[in-house]
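Note that the structure is predicted; figures quoted are calculated from it, not measured. Proteins get letters first, then strands, A, B, ... in listed order; numbering begins at 1 in each.
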Amino acid sequence: MENNQTNTGNATVDIAYRRKKNAEEMRHQVITFTLMIFLTIIAFVAVGAGMSGWFTVPFILLLAAVQVVFQLYYFMHMSHKGHEAPALFLYSGLLVGLITVLAFVTIVWW
Amino acid sequence: MSTYAQKKGFGATVWDYLTTVDHKKIAVLYLIAGGFFFVVGGLEAMFIRIQLAVPNSDFVSAGMYNQILTMHGTTMIFLAAMPLLFGFMNAIMPLQIGARDVAFPFINALGFWLFFFGGVFLNLSWFLGGAPDAGWTSYASLSLASEGHGIDFYLLGLQISGAGTLMGGINFLVTIINMRAPGMTYMRMPLFTWTTFVASALILFAFPPLTVGIFLLMFDRLFGSNFFVTAAGGNTIIWEHLFWIFGHPEVYILVLPAFGIFSEIIPVFSRKRLFGYSSMVFATVLIGFLGFMVWAHHMFTVGLGPIANAIFAVATMAIAVPTGIKIFNWLFTMWGGSIKFTTPMYYAVAFIPSFLMGGVTGVMLASAAADYQYHDTYFVVAHFHYVIVGGVVFAILAGTAFYWPKMFGTMLNETLGKITFWLFFIGFHLTFFIQHFLGLWGMPRRIFTFLEGQGLETGNFVSTVGAFFMAAATVVLVINIIITTVKNEKVGNDPWGDGRTLEWAIPSPPPFYNFKQLPLVRGLDPLWIEKMEGKKGMTPAEPLGDIHMPNASFIPFVISFGLFVAAFGAMYRLDYGWGLPVLIIGLLITFGSMFLRSVKDDHGFHIHKEELIDEDDKGVKA
Amino acid sequence: MHAEEKMTLEKWPASPEKQTLEAKNKFLGFWLFLGGETVLFASLFATYLALKDKVPGPDHALAKDLFEIPLAFLMTMILLTSSLTSVYAMYHMKNFEFKKMQLWLGITVILGFGFLALEIYEFYHYVHHYGHTFTSSAFGSAFYTLVGFHGAHVAFGLAWIITLMVRNAKRGLSLYNAPKFYVASLYWHFIDVVWVFIFSVVYLMGMVG
C-alpha cells in the first residue's frame, strides 16, 4: 500500500496527529464556506441594488467563478495530491463547455 | 471457481456471454453485434447504389430511399464502425498495457448492452411503421416535420446506445490511467492504447452535447416543447450546433483508433520500431484537441458570417498538420524496413494513399468560400467515404486479420484475406473516386434519382459496379471466418512472429486473467526488447499470487432491457393507453436493477495461487 | 488490505476513499464523469442563453418578470449550506466516526429536500401565475430543461445518499463503502457548482435583464 500517510509506528500518536490535521482542514472549510456565503450575498445585493447591467453581469460571473474555484479546490479537495487527472479532465470539459457557450451567444443567428 | 477450463453446452455458453464482465468476451460481443450491423448497413448501401445505378429508377420509392439513406449513415457510424473499434479496444488495449482487467468490468458490460439494445431498437423501426428519414444528421427543421415514429426511433435508440458509448469511454480512460503494468509509463504505451485514450476522452466530451441535442429534439417531438419551433421562439440552428459539436469529434473518435491499429501493424511487418513515436503521440493529442474547434465547418452555408467561417476554416486546415506528421511517420517506418506483405500490411499500405485523398479533399472543403460550391453535393459524399472507408473500415478489416489469432487462437486464411483486400480496395476506389466528379458535375447529395441526359449516368453506374465489388469482398471475408472457425488450427503466443507489444507475450486466446504475473515493462515495444536480448517472454514484475477477479452479472443486460422497454412506452405514450404504463415499467426495471446492484455487495472472487500453478502444467501441452 | 475487512480506528487509513484499486478507479472514473457532466450542463446553459426571452408574443412573461430575489436567494443558501454539511460528513468519515457522518449526511438530505420543495413551489408559481410552462414558449422549454435537469440531479443525489445511509446503517464504515460515500459527496458538491452558475446566469442575469 503506497498510501502517503505520516507513520510514526505508534497508532495512537498517528490518530491524534491526523485528527488534528483533519480538524484544521475543517476549520479552513468553514472559512471557505463563510466566504462563499459572503460572495453570494454580494452578488444578490449587486443585482438588488439595480446597478447597470454592464457592471453587474461581469461582476456576478466573476463571483460565480471564484465560488466554483472554492468548491472545487476546498470542498471537493482538488487542492490535494493525486488530482492531476481529475483536474485535466475537468478543465478540458470546462474548455469545451465554454466554447459551446461562446458559440451559442454569438453565432446562433436569428 | 475453476469453471473456466470445462467444456460447456450451448445454453451455458449463451448464458456465459449474457452475464460476462470479461473484457475479451465483451470484445467478441462487440465484434458480433458490430459485424451484424455492418452487414445491415452494407445492405442498405447496396440498395442505395442499385437505386442510383440507372436514371429514373423505381427500385425504391423516394420516401423509402430517404429511410434507407438515413439508416445507412446512422447504422454505419453508431452501430458498426464505433462498436467494431470498441471491440478491438476491449480485446487488445488491456493486454497492451499489461492489465488483468479493465477498471469497470460491470460498466463495460453495461455499455455493451446499452449499445446493443439501442441498436436493436433503432432497427426495429423498419418493422414498426418506417425508419427515420431525415438523414443521419436529422436536422431539426426537417425531422420535426417527419411524420410517423421513424425519428423517434432514431432519437430514443441513439440516446440509449450513446449512454453505453459514454460508459465505455470512461472505462477505457480509467483503465489506461490506473491499471498500467509496472514500468508502463505513458510514453511507453503502444500507439493503439494512446489513440484509445484520446478517442475515449473525445467520447467523454463529445457525447454530452449529443445527449442534450437528442433530449431537446425528443422533448419537441414527444413532449410538446419548443426548442426548434420557430413560431414559439425556437431556433433550429441550435440543433445543428449541438449535433456537430458532437459530430465532428465523432469523426476523430472513429479515425484515431484506426490510426492506432495501423501504427501497430506497420512496425510489426516492417520489423522496425515506429518512426517518431513521440511525435505520433503529440499528433494524436493535437488532433483530439483541434477536433473540438472545427465543428462549424459543417455549417459554412448556414450563414454564420465571414468571421466565424474564417476562424473555423483556418482551424480545420490546421488539422492537416498533425495528420501529415502521422502520414510521414508511417512512411518513414516502412522506409528501410524488411517488409512482410501480409493481409494486415496490405491494408496498411493501401490506407496511406486512400486516406490521404480524403484528407486532401478535406482541406478543399475547409476553404469556406469554395465550400459553397461543394456543399451538399456528391463531392462531400466522396470525401467522407474516403476518410471513413479508406481510414476506418480499412483499419477494421486490417485489425480483424491482425488480431483474429490473438482473440480466437486461430489464423484467418491469408489467401482469402488477400482476395478480400483486392476486391475491397478496387471496389472502394471504383465506387467513391468517381463521386468526386459526380459532385463537381452537380449531383446533389441525398437525391433519390436523376434524369437521363444530365451527364450523370456513367458515373453512377461505375459507382454501383464498385459497390458490388465491396459486397463480394465482404462475402469472401465471411467465408474466410467460417472456414477458419471450423478448421480451428491453434496458434501460439506470437503467430505473426514479429510481435512487439505485450499482447503477443501471452497465449492466444489469453486466459481470462490475462497475465499470471504482471510483466515488467522496460521500454517501448517491451516484448521486442526481451526478444532482442534473447529472452522468450516477459520478465514478471511480481511473484505468483492470488488474482482478484470480478463476478459475472446479469444485471447489465436487465438495466439495458429496461430502457429498451421504456423507450417503447415513451414513443407510444400519446398514441395508446398502454404507453405510459410501459414507460413506467421499463424505468422501474432499470432503476430497480440499478438499486439491486448498489445494495448487493459484490466483492468478486480470487483465483488461488495453487490453481494458477495447476494451469501451468496443463498449459505446456497447448 | 481487503476491502471487506472489519475496520477499527487504529487500522483506518488517512485517505480511506482511495485505498483499494477499486476505490482508486471509482474515484477517478467519477471525476471523469463529472468532466462529461460539465459539458452536458454547458450545452444546456448555452441553449438557455440562446433561447432566453424568446417567446411567441408580447404577452408572454420574460425573465425579468418571473424571477424574484428572495426565493432564489433562499434556495441558494439552502443548497450552499448542504454542501458544507456534506463536507462535515466526509470530515467525520476520515476520522472514522460513523454515527456523526450519518448525522451530517442526514442534515444534507433534509436540506436537499428543502431545496427540491422550493423548486417545485417555484415551478408551480410560474405555471399558475404567469402561464410560463414547458410548452408555452422556447424560453419556457429552455428554462425548465436547464433548471429541471439540475433538479433531477438533486433528486437522484438524494436517492443515492439515502440508499447509502440505509444500506450501511448497521455495518459501519469499511474500505468498501468509504469510497462510495466519498463519491456521493463529490456528486453533491458538483450539483452545488452547477447551481452557482444557475443562480448567477439564470436568476441574477435574468433580473438584470
Side chains of A:L90 and C:L32 in contact at under 4.5 Å (non-hydrogen atoms): no
When rounded to the nearest 0.5 angstrom, what is the spacing between OH in A:Y91 and OG1 in C:T38? 11.0 Å
Should C:E97 and A:R19 count as side-chain neighbours, where that means a heavy-atom distance under 4.5 Å? yes
So which part of C:Y48 gets closer than 4.5 Å to some heavy atom of chain A, the side chain, the backbone, both or neither? neither
Please state whether the side chain, the backbone, both or neither of C:Y182 comes within less than 4.5 Å of a heavy atom of chain A. side chain
Tell me, side chain or backbone of C:T81 under 4.5 Å from chain A's heavy atoms, or both, or neither? both
On the 0 to 90° scale, with breaks at 30° and 60°, tag the A:H83-C:W31 ring pair as parallel, tilted or perpendicular. perpendicular
Mind checking whether A:Q67 and C:L80 have side chains closer than 4.5 Å, heavy atoms only? yes
Check whether C:F197 gets within reach of chain A through its side chain, its backbone, both or neither, counting any heavy atom under 4.5 Å. side chain
Are A:F104 and C:F45, when compared by the centres of their aromatic rings, separated by less than 6.0 Å? no
Which atoms of C:F27 are under 4.5 Å from chain A, going by heavy atoms: the side chain, the backbone, both sets, or neither? side chain
With only heavy atoms counted, which part of C:T76 is less than 4.5 Å from chain A, the side chain, the backbone, both or neither? side chain
With only heavy atoms counted, which part of C:K52 is less than 4.5 Å from chain A, the side chain, the backbone, both or neither? neither
Taking side chain as C-beta onward, heavy atoms only, is A:V47 less than 4.5 Å from C:Y203? no
